Amino acid sequence: MKCSCGGLVKPTVTFFGESLPLSFYTSTINIKMCDLAIVMGTSLTVYPFASLIDMVPNKTPMVLINRDNCVTSRNRFLFMGGDIEKNMAMIIKDLGWENELSEEMKIKVNELNKGTASKDANIGDEKDVKEM
């Protein structure tokens, strides 16, 4: 992807082999204080990210939404196997968040169309957003 200046646009992700941002390391204290840990879409094999799961206290409930169960033993653990998008749609529906999510998605699509979306929006490209 190229920007209007002709240069390449790098997505706000960290590629394999790149250093993680300092915020990754300074934010890990939040994991130790969470009330519920939700982990999605990971093999938990690449470090240092894989080490985050070990920072969640055993007393804290954890939900893994993933194709495979990569957590071997843990108290207060729920594994939701299968497709992440289908599982998340079910959770959103069960919580009654469908209308709220739909409104938020409309706002984000409008921001993308106007070019005002935050660089920290953490959403896919415009095509992905419109399909949601």
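Only a predicted model underlies this, so the values are computations on that prediction, with no experimental measurement involved.
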Contact list for residues 22-35, test side chain to side chain donor-acceptor pair (under 3.5 Å), sequence neighbours left out
none

Please say yes or no: joined through hydrophobic side-chain contacts below 4.5 Å, possibly via intermediate residues, are [X] and [Y] part of one cluster?
| X | Y | answer |
| --- | --- | --- |
| Phe77 | Leu44 | yes |
| Ile91 | Val63 | yes |
| Met88 | Leu101 | yes |

Report yes if the side chains of [X] and [Y] come closer than 4.5 Å at any heavy-atom pair, otherwise no.
| X | Y | result |
| --- | --- | --- |
| Leu64 | Leu78 | no |
| Phe79 | Val71 | no |
| Val39 | Met62 | yes |

Using atom types as modelled, flag every donor-acceptor pair under 3.5 Å from a side chain in residues 93-100 to any protein atom, sequence neighbours excluded.
none

Among all residues two or more places apart in sequence or in another chain, which pass the salt bridge (Lys or Arg N to Asp or Glu O under 4.0 Å) test with Lys106?
Glu103

What distance separates [X] [atom1] from [Y] [atom2], expressed to the nearest 0.5 Å?
| X | Y | atom1 | atom2 | answer |
| --- | --- | --- | --- | --- |
| Thr60 | Met33 | OG1 | CE | 11.0 Å |
| Asn113 | Lys108 | CG | NZ | 13.0 Å |
| Ile65 | Met90 | CD1 | CE | 8.0 Å |
| Arg76 | Leu36 | CZ | CG | 9.5 Å |
| Met40 | Ile84 | CE | CD1 | 6.5 Å |
| Ile92 | Ser102 | CD1 | OG | 11.0 Å |

Return the minimal non-hydrogen interatomic distance between Ser43 and Cys70, and the atom names on each side.
O-CB, 3.6 Å

Qualifying residues under side chain to side chain donor-acceptor pair (under 3.5 Å), relative to Ser19, sequence neighbours excluded:
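Ser19 satisfies side chain to side chain donor-acceptor pair (under 3.5 Å) with no other residue.
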
Listing request: all salt bridge (Lys or Arg N to Asp or Glu O under 4.0 Å) pairs with a residue in residues 62-73, at least two apart in sequence or in separate chains.
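Every pair satisfying salt bridge (Lys or Arg N to Asp or Glu O under 4.0 Å) with a residue in residues 62-73: Arg67-Asp83.
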
Identify each donor-acceptor pair in which a side-chain atom of residues 47-57 lies under 3.5 Å from a protein atom, sequence neighbours left out, and give them as a table.
residue, atom, partner, partner atom, Å
Ser51, OG, Pro48, O, 2.5

